[in-house]
Amino acid sequence: MKSDDVVISARDLRVWYGTAGLPVRAVDGVSFEIRSGEILGLVGESGCGKSTLGRGLLGLLPDGAARDGELFFRERDMLRLKRREQHALRGRELGLIFQEPLTRLNPLMRISEHFSETLKTHHRGIGKDEIESRSLEALRVMGIPPTRFRAYPHEFSGGMRQRLMIALTLVLRPAFVVADEPTTALDVLVEAQIIRMLHDLRDTYETSLLLITHNLGIIAEACDRVAVMYAGRIVEIGDAHTVFRAPQHPYTRELLRSTISLSTTGLNYIEGAPPDLSDPPPGCRFHPRCPDAMQVCERRAPVPRVQPSGSRTECWAADHANGLVTLTEDERIPLAKEVIALADEA
Amino acid sequence: MSSSSGSLARYIAVRLLLVIPMIWVLLTIVFFLLRVAPGDPVSAAVGGKLSEEALDTRRAALGLDRPLIVQYLDYLGDVVRLDFGATISDNRPVLDIIRDQGGATLTLTIGAFLFALLIGLPLGRLAGRRRDTALDAGIRVFGVVSYAAPIFWVGIMLVILVVKLFPGWPTYDIASVTTKFTTEPRTHILLVDTILAGDGAAVQDVLKHHVLPCFALGLLLSGVIIRLVRVNVIQAMQGDYVEAARARGIPERQVVRRHAFRNALVPVITVIGLQVALTLSGAILTERTFNWPGLGTELVQYVTARDYVAVQGLVTFFALVVVIVSLLVDVLNALVDPRVRY
């Protein structure tokens, strides 16, 4: 099913919000590729820039936000496109599924009107019959009975509304879809159902998917590859199984340790909070919270390196352990605890 | 929720039933307010000219010497039979007053509403879209001023302006004398009567007379509408469904019109309905300013005369209009917003 053509490619992509003080660099130099029919999971804590990255890919950013770097959708240079051209790509080629499904449908419009508006926008001169057949097909795939086609949004449950949103996104057969925590607002049973549906889509439509979540179980279940984001950067990216089996970055390792399962006896968490993105710490951004932090981590930012496991990681400790860099004695001295506490304070 | 039309019918039925207690409360308040206020029809008409005994005889003749509760129940009984009686001061049936002069008030308020919407909707939308720009600030100031300025002052200023700029344009009354006397009263709404008569010149004459008073009153109303539309457009533009529509690539103009503006209008409809009361009270002042032969002018005269029957009748009529309009607004709201149901 997987072909080798790259659908989305980002290189050193940055997104920042201009605020009254310093600009908030929510996405600060990330690089990745998503191939046709591939599902890339994006994990990280709240406030690390996941949603901003997802929206930045579609150019759906609020006023005062700016993008920089390189972003290609197939051969198209997204950052050089005119507003109108970019707008035309949205929906038709690039879809977005939101976190909160309850308020995403216009309460005054029937479901059928949402579909016909969407289809008419992207397919001029489309006939009534075709609108109906395509809409009902999308609803069928998402398990919504055709009898509900003319109902209003408030007549559906949260899980059904999210499936409606997905159907509304997929009716246009976009090549690439960003799903921004599509199940966070829903209960677990509905969550499993939606994740399965998203997973099946690649088989049906060969849609590429960026699945943003903070649920690692979802990643393991549904994704081909996973990118771990911390403070605006992708600190580890690789094959989902590899990353889960042998996490290279301490942050990934700690995230995995923090998941709760039946065999969990105590709760693990990462001390501290993600840094202020308008003024991130020097060197490696994770060093104030990192259990493996060394002197070098505070002084110099690590560069992305492909580890022997196949994942690409930004971490001095991993680089050193895998023999990719040689660090001096001084550089390897662990950061003292009080330094950690101080940096954490800042 | 088996079918939406069924629940809509139920909704309207519930709203209609609620009208009855509303009217009853209104009637009661009007009745007792008039009695509590100093003075009565007899003292207002001939007070100080006749002896106290003579005044009491007249009061007794009008039944004003009976206990209040008896008068009240008597009055309620009449209203239930839709008998509003005849005025005390000049013995005109109240229903005749409403029939003869209600039309002028009706066309004045409708015209004012049209102007208010014509000014308020586009300006409010523009201010909301261009939030925090100089244009927005200008429109907001205009809204506050037009709402706060007293209608008689605005009216007089407009009259002065029109007299200077367009000499000959009518600035008072509902029509020229000839139109008034040559038009056969069929519906007692002068504009409709001239149209029914097919008299083009008369229609034009009546319309011209409407422009200034309707505009003055409409300006007052537009202030409320501007502020309301602006706030709701701003709020709707930040709505999740607006962002979702953009994400589907719906063109921005359509996003604003179909998604943001339509949703912004839902609360606006409700508040505009409530403004009917403001319009009617504004109409009373407007009628005085422009010498308009409507119910407002009559009401002021009858209040001065302490004419219980006339004031009760007219106020009840005004209240009925407000109640009916708010009912219509609720129904309109239910038609626009599928979530509104009992």
Side-chain angles (χ1 to χ4, degrees), chain A residues 54-55 57-63 83-111 113-123 150-155 161-162 164-165 168-172 174 177-180 185, chain B residues 1-8 11 128-133 136 229 232-270 329-342:
Chain A
R55 269 145 214 250
L57 295 181
L58 269 73
L60 263 183
L61 293 163
D63 291 339
R83 261 180 95 93
R84 202 171 43 78
E85 294 169 323
Q86 191 171 293
H87 202 106
L89 279 180
R90 243 177 263 148
R92 189 185 190 125
E93 298 283 5
L94 311 169
L96 178 58
I97 298 165
F98 295 90
Q99 176 174 349
E100 172 50 71
L102 290 180
T103 51
R104 291 294 175 182
L105 292 157
N106 185 337
L108 304 187
M109 278 166 61
R110 293 173 192 276
I111 300 307
E113 293 173 292
H114 282 88
F115 276 99
S116 75
E117 179 188 45
T118 306
L119 283 165
K120 276 181 188 159
T121 298
H122 296 282
H123 303 282
R150 286 179 215 289
Y152 283 101
H154 72 275
E155 296 169 332
R161 279 191 234 184
Q162 188 61 294
L164 285 170
M165 286 306 297
L168 199 48
T169 307
L170 294 174
V171 75
L172 294 170
V177 171
V178 173
D180 188 359
Chain B
M1 206 163 289
S2 52
S3 80
S4 58
S5 62
S7 51
L8 183 64
Y11 174 80
R129 293 274 289 128
R130 305 276 158 81
R131 184 189 184 179
D132 294 334
T133 60
D136 177 28
V229 170
N232 281 292
V233 164
I234 288 173
Q235 207 180 10
M237 286 302 290
Q238 292 163 344
D240 284 347
Y241 48 84
V242 166
E243 193 189 20
R246 284 195 186 122
R248 289 197 298 275
I250 311 294
E252 188 63 20
R253 279 183 60 171
Q254 199 171 330
V255 169
V256 173
R257 188 171 48 79
R258 253 190 112 171
H259 295 267
F261 199 52
R262 256 184 79 189
N263 274 284
L265 284 186
V266 173
V268 173
I269 291 172
T270 309
V329 164
D330 282 350
V331 171
L332 188 64
N333 232 333
L335 285 174
V336 172
D337 189 342
R339 289 166 300 180
V340 178
R341 296 287 186 275
Y342 273 114

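Predicted model only: the values in this text are computed from it and were never measured. Chain letters run A, B, ... following the sequence lines, proteins first and then strands; every chain starts at 1.
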Practice task
Heavy-atom distances under 4.5 Å only: say whether Thr169(A) touches chain B with side chain, backbone, both or neither.
Solution key: neither

Problem - Short side-chain to backbone donor-acceptor contact, Gln254(B) and Pro251(B), under 3.5 Å - result: no

Exercise for the section: Report yes if the side chains of Leu172(A) and His123(A) come closer than 4.5 Å at any heavy-atom pair, otherwise no. Expected result: yes

Problem - Check: Asp136(B) main-chain N/O paired with Arg131(B) side-chain donor or acceptor under 3.5 Å - result: no

Problem - Any side-chain heavy-atom pair of Leu265(B) and Asn232(B) under 4.5 Å - result: no

Handout entry: Val266(B), part contacting chain A, at a heavy-atom distance under 4.5 Å
Key = side chain

Problem - Among the listed options Arg262(B), Glu243(B), Arg246(B), the residue most often paired with chain A at heavy-atom distances under 4.5 Å - result: Glu243(B)

Practice task
Let me know if Leu105(A) has heavy atoms under 4.5 Å from chain B in its side chain, its backbone, both or neither.
Solution key: backbone

Fill in the blank from the handout: Here the gap from Leu170(A) atom CG to Met165(A) atom CE, rounded to the nearest 0.5 Å, amounts to 10.5 Å

Practice task
Tell me, for Leu94(A) versus chain B, whether the close heavy atoms (under 4.5 Å) come from the side chain, the backbone, both or neither.
Solution key: backbone

Exercise for the section: Using a strict cut-off of less than 4.0 Å between a Lys/Arg side-chain nitrogen and an Asp/Glu carboxylate oxygen, indicate whether Arg83(A) and Glu252(B) qualify as a salt bridge. Expected result: no

Completion exercise
Comparing Pro107(A), Gly95(A), Ala151(A) against chain B, the one with the most heavy-atom pairs below 4.5 Å turns out to be Pro107(A)

Exercise for the section: Heavy-atom pairs under 4.5 Å with chain B are the metric here; pick the option from Glu100(A), Met109(A), Lys120(A), Arg92(A) that has the most. Expected result: Met109(A)

Practice task
Find out whether Arg104(A) and Ile97(A) are in side-chain contact, i.e. whether some heavy atom of one side chain is under 4.5 Å from a heavy atom of the other.
Solution key: no

Fill in the blank from the handout: With chain B, the option among Thr121(A), Val178(A), Leu108(A) that has the most non-hydrogen atom pairs under 4.5 Å is Leu108(A)

Exercise for the section: Counting only heavy atoms closer than 4.5 Å, note whether Arg55(A) contacts chain B via side chain, backbone, both or neither. Expected result: side chain

